[in-house]
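What follows is a set of notes on a single structure, which appears directly below.
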Amino acid sequence: MIKITLKDGSAKEYQAGITIKKIAEDISMGLAKKALVAKFNDKVVDLSTEVNEDGTLEILTFEDEGGKHALRHTAAHVMAQAVLRLFPGTKLAIGPAIADGYYYDFDSEHKFTPDDLEKIEKEMKKIVKEDLALVRESISREEAINMFKEQGEQYKVELIEDLPADAPISLYRQGDFVDLCAGPHVPSTGKVKAFKLMSLAGAYWRGSEKNKMLQRIYGTAFPKKSELEEYLTRIEEAKKRDHRKLGQELKLFTVMEEGPGFPFFYPKGMVIRNELENYWREIHRKWGYQELKTPIILNRQLWERSGHWFHYRENMYTTVIDEEDYAIKPMNCPGAILIYNSELHSYRDFPLRTSELGLVHRHELSGALHGLMRVRSFTQDDAHIFMLPSQITEEIKGVIDLFATMYGTFGFEYNVELSTKPEKAMGSDEDWDMATKALEVALKEKNMKYQVNPGDGAFYGPKIDFHLKDSIGRTWQCGTIQLDFQLPERFDMTYVGEDGQKHRPVMIHRTCYGSIERFIGILTEHYAGAFPTWFAPVQVKILPITERQLEYAKELYDELFEVGIRVEIDDRSEKIGYKIREAQLEKVPYMLVVGDKEAENKTIALRKRGEGDKGTAEFAEFKQSLLEEIRLKK
RNA sequence: GCUGGUGUAGCUCAGUGGUAGAGCAGCUGAUUCGUAAUCAGCAGGUCGUGCGUUCAAAUCGCAUCACCAGCUCCA
């Protein structure tokens with residue numbers, strides 16, 4: 001007999017050799033029906049696994065990450081089987097489950113088209129209906145290699161050959177289909193109740209552009225049709241808040257063919273930009289920063305000295321002025337350092353916090369461009385802090401606090417990553433170690449949870465990245481704090497210490513918004529275009545019912561305009577419903593409807609975005625609470 | 001950059017070899033209206049760009065540019 005401990009802590013005894021499926025049935029038939037895979041002693045395994053030892057067991061359903069993963073992985077096998085049935089001779093590469101579904105990479109003479117996806121889906125439905133059992137089989141390395149060689153599956157052969165010599169090798173069979181796979185899988189193809197093929201794309205074998213490009217088919221799968229439909233609706237919702245679409249509709253910004261990756265801002269987008277910059281300046285003034293502005297074009301010598309000319313060349317735009325090479329700045333740091341070096345500094349100046357809203361240009365691959373999220377010119381809300389080595393930890397903690405304040409204003413949650421030395425880097429391992437430790441200490445002292453990203457640092461130093469979570473759960477990298485021992489060295493930066501001698505300062509580079517452009521893109525999607533009043537392009541729209549109230553409307557307008565409110569009057573001879581509809585689509589936070597009644601009593605009929613008609617209100621009270629809402633950035 | 005797809009009026013889109021169309025937006029006029037679309041009229045296009053095939057090209061071919069999706073999730 002063996003002892004099985006369940007998730008709730010209870011234990012039961014079973015005959016050795018019993019399958020997990022039988023145990024699940026013993027626990028509850030309902031659970032057994034929903035069961036997809038199981039976690040036995042912390043390892044996710046098939047339900048058909050026989051248990052021969054004591055252990056802890058958790059039955060996994062689609063609600064669990066492991067169950068979800070297994071179902072989608074099985075769906076990938078079903079898809080591969082369907083593809084092989086319809087297009088014999090197709091070679092299989094890899095087919096894993098991913099965050100929202102799964103994919104499989106194929107190498108085929110045939111070029112898959114969207115029509116093929118429908119055919120493949122139909123064939124998959126048949127396979128699901130056949131309810132084929134997925135059977136695991138362990139085989140030796142040689143057998144596996146021979147078998148796949150015979151089938152001409154060269155990618156599978158390559159995968160096996162790259163596995164460590166002692167790695168166990170397993171196959172999964174379902175009917176006439178067999179695939180190299182570590183598993184686990186759900187018991188049978190019938191479990192893949194609801195699925196859909198989503199898209200078609202090219203993908204390099206093993207992600208390297210040196211290899212052949214394969215054809216990738218993406219799909220998703222759920223245990224119930226209703227869940228699939230919910231997911232598809234969610235995608236539709238996300239599309240509706242796409243910042244490129246909203247940016248166009250709300251006239252915030254645009255990109256044109258004449259400037260790929262170089263965004264244009266309309267007046268309404270500029271309001272948002274300026275409000276974000278105003279807020280940024282207010283915060284930075286409070287936190288003791290001084291603002292700088294450095295030139296966009298600087299000579300080659302400078303970029304050679306900073307290391308950019310060698311380490312960042314492929315991303316830089318260059319130009320020639322009077323027969324001399326110049327570069328358009330991809331970063332603001334060298335400029336800030338020139339300002340630093342133009343004066344003598346004392347340790348008493350430290351920490352010296354300088355900030356700059358710096359417009360930088362970087363050559364991104366054409367295929368990587370994406371609305372405001374990935375552009376070729378953007379404004380970094382940069383800052384460079386110069387200090388004594390002993391001030392590092394405190395200073396970084398201060399930056400972390402500043403970020404928390406700013407992100408909090410927009411209601412963003414975020415997570416933090418620590419990136420370490422990349423392959424292409426300047427400086428000794430000792431320096432990198434020291435810098436990385438300093439960042440770690442600050443994070444630990446702030447009790448921040450963080451994930452380590454090996455090799456993802458900047459070429460001059462390690463960094464802490466801040467990933468914001470938007471209202472529909474996606475994450476975006478915005479803030480970053482980078483510690484730099486290299487540039488102070490390269491630029492021979494100094495300060496005069498207590499001892500009257502020259503010493504080397506340490507510097508931090510950091511951005512909070514990251515890029516103003518990207519941040520606006522993120523805000524647009526986060527709020528679905530319904531921006532908080534404090535940075536809404538139009539805050540109040542006055543809607544007179546007829547021309548008779550124009551004069552009264554103008555009075556209200558003047559009063560609001562006077563105190564800095566962004567207010568408009570819709571004086572067209574349209575019906576009130578029409579004006580409301582339009583203001584609603586523009587996502588204006590407040591509408592003041594004024595008819596004869598209001599004009600006579602000197603009141604307003606207030607309408608609030610998202611809440612509708614609020615009834616009659618006193619104008620003075622409205623104005624007061626509006627100003628308060630803006631002041632508090634609610 | 002690579003693979004695939006797309007490109008027609010300001011926007012959303014129809015138009016598969018015979019001289020280009022709708023809705024919305026715009027303009028003009030009428031309407032003066034109480035909480036998400038009043039009516040009528042007008043105007044708007046070298047069909048992304050270039051070259052080619054053809055008696056004839058938005059439509060077919062080649063090139064080029066831009067956009068979209070993916071190329072990061074590794075049996």
Side-chain angles (χ1 to χ4, degrees), chain A residues 69 72-73 76-77 80 92-105 111-114 144 148 153 155-163 167-172 178-185 198-218 239 242 244-245 248-249 251 254-261 314 363-371 453 456 543-550 571-586 591-598 605-609 612-616:
Chain A
H69 204 268
R72 288 169 171 170
H73 194 173
H77 278 214
L92 305 180
I94 55 166
I98 52 175
D100 283 322
Y102 61 90
Y103 68 77
Y104 215 115
D105 285 347
K111 288 246 181 296
F112 294 119
T113 66
F148 284 112
E153 293 282 8
Y155 299 101
K156 297 292 175 189
V157 174
E158 200 180 318
L159 288 170
I160 299 168
E161 281 170 347
D162 280 1
L163 286 174
I169 290 173
S170 56
L171 303 177
Y172 273 80
V178 62
D179 196 2
L180 170 75
C181 187
H185 277 281
M198 304 298 291
S199 63
L200 205 51
Y204 300 109
W205 167 235
R206 305 202 134 177
S208 165
E209 57 191 346
K210 293 190 191 85
N211 293 334
K212 180 163 182 184
M213 182 161 274
L214 309 173
Q215 301 186 71
R216 175 173 297 181
I217 302 178
Y218 283 90
K239 263 190 207 154
D242 188 313
R244 293 167 298 184
K245 186 175 151 68
Q248 177 80 254
E249 282 171 7
K251 302 234 164 61
T254 187
V255 275
M256 303 200 223
E257 208 171 316
E258 289 81 352
E314 61 277 25
H363 181 73
E364 299 289 345
L365 292 180
S366 60
L369 301 178
H370 182 94
N453 255 345
D456 245 7
L543 312 178
I545 289 177
T546 74
E547 278 170 14
R548 284 196 303 282
Q549 297 89 34
L550 266 183
D571 58 3
R572 295 173 302 175
S573 65
E574 292 292 349
K575 297 216 286 199
I576 194 65
Y578 183 87
K579 296 185 185 181
I580 287 171
R581 179 186 149 82
E582 202 143 283
Q584 196 82 24
L585 291 175
E586 284 170 33
M591 289 175 228
L592 310 186
V593 177
V594 292
D596 286 334
K597 227 175 4 179
E598 288 76 19
L606 183 62
R607 220 186 133 94
K608 195 170 176 187
R609 180 183 64 199
D613 193 353
K614 305 287 281 183
T616 307

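Order of the sequence lines fixes the chain letters, A, B, ..., with proteins taken first and strands second; residue numbering starts at 1 for each chain.
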Between [N] and [M], how far apart are the two [atom1] atoms, rounded to whole Å?
N	M	atom1	value
B/rG17	B/rC47	C1'	15 Å
B/rU59	B/rA36	P	46 Å
B/rC51	B/rG15	P	28 Å

For A/H370 and A/R244: C-alpha separation, side-chain torsions, deciding distance, then whether side-chain contact (heavy atoms from CB on, under 4.5 Å) applies.
CA-CA 9 Å; A/H370 182 94; A/R244 293 167 298 184; 3.2 Å; yes
Partner of [N] by Watson-Crick or G-U wobble geometry, both contacts under 3.5 Å, or none?
N	value
B/rC60	B/rG52
B/rA40	B/rU28
B/rA66	B/rU6
B/rC73	none
B/rA22	B/rU12
B/rC47	none

Take A/M591 and A/I580 through the side-chain contact (heavy atoms from CB on, under 4.5 Å) test and state the conclusion after the steps.
CA-CA 8 Å; A/M591 289 175 228; A/I580 287 171; 4.1 Å; yes
Tell me: [atom1] of [X] to [atom2] of [N], nearest whole Å?
X	N	atom1	atom2	value
A/L214	B/rC2	CG	C1'	12 Å
A/M198	B/rG5	CE	C1'	16 Å
A/I217	B/rG5	CD1	P	14 Å
A/K608	B/rA36	NZ	P	18 Å
A/L592	B/rG34	CG	C1'	15 Å
A/I545	B/rU35	CD1	P	8 Å
A/I580	B/rU38	CD1	P	12 Å
A/Y578	B/rU32	OH	C1'	16 Å

Does the [X] side chain pair with the main chain of [Y], one donor and one acceptor, at a distance under 3.5 Å?
X	Y	value
A/Q248	A/K245	no
A/K579	A/V593	no
A/E153	A/L92	yes

Output the single nucleotide from B/rC33, B/rA37, B/rG34 whose closest atom is nearest the side chain of A/K597.
B/rG34
Is there, by distance only and without an angle test, a donor paired with an acceptor across the side chain of A/R607 and the base of B/rU35 below 3.5 Å?
yes
Ignoring hydrogens and angles, does a donor from either the side chain of A/E598 or the base of B/rG34 sit under 3.5 Å from an acceptor on the other?
yes
Heteroatom pairs (N/O) under 3.5 angstrom, protein to nucleotides 70-75 of chain B:
residue : atom : partner : partner atom : Å
B/rG70  : O3'  : A/Y218  : OH           : 2.8
B/rG70  : O2'  : A/Y218  : OH           : 3.4
B/rC71  : OP1  : A/Y218  : OH           : 3.4
B/rC71  : O2'  : A/Y204  : N            : 3.4
B/rU72  : OP2  : A/G207  : O            : 3.1
B/rA75  : O2'  : A/L180  : O            : 3.0
B/rA75  : O2'  : A/A182  : N            : 3.4
B/rA75  : N6   : A/P168  : O            : 3.0
B/rA75  : N3   : A/C181  : N            : 3.3

So [X], base contact, sugar-phosphate only, or nothing? Heavy-atom distance under 4.0 Å.
X	result
A/R244	sugar-phosphate
A/E574	base
A/D105	nothing

When rounded to the nearest 0.5 Å, the distance separating CG of A/L592 from NZ of A/K614 is 13.5 Å
On RNA chain B, more 5' by nearest nucleotide between A/A605 and A/T546 is A/T546
For A/D179, is there an ion pair with A/K156 - N to carboxylate O distance below 4.0 angstrom?
yes
Pairing of A/E574 and A/R581 as salt bridge, 4.0 angstrom limit
no
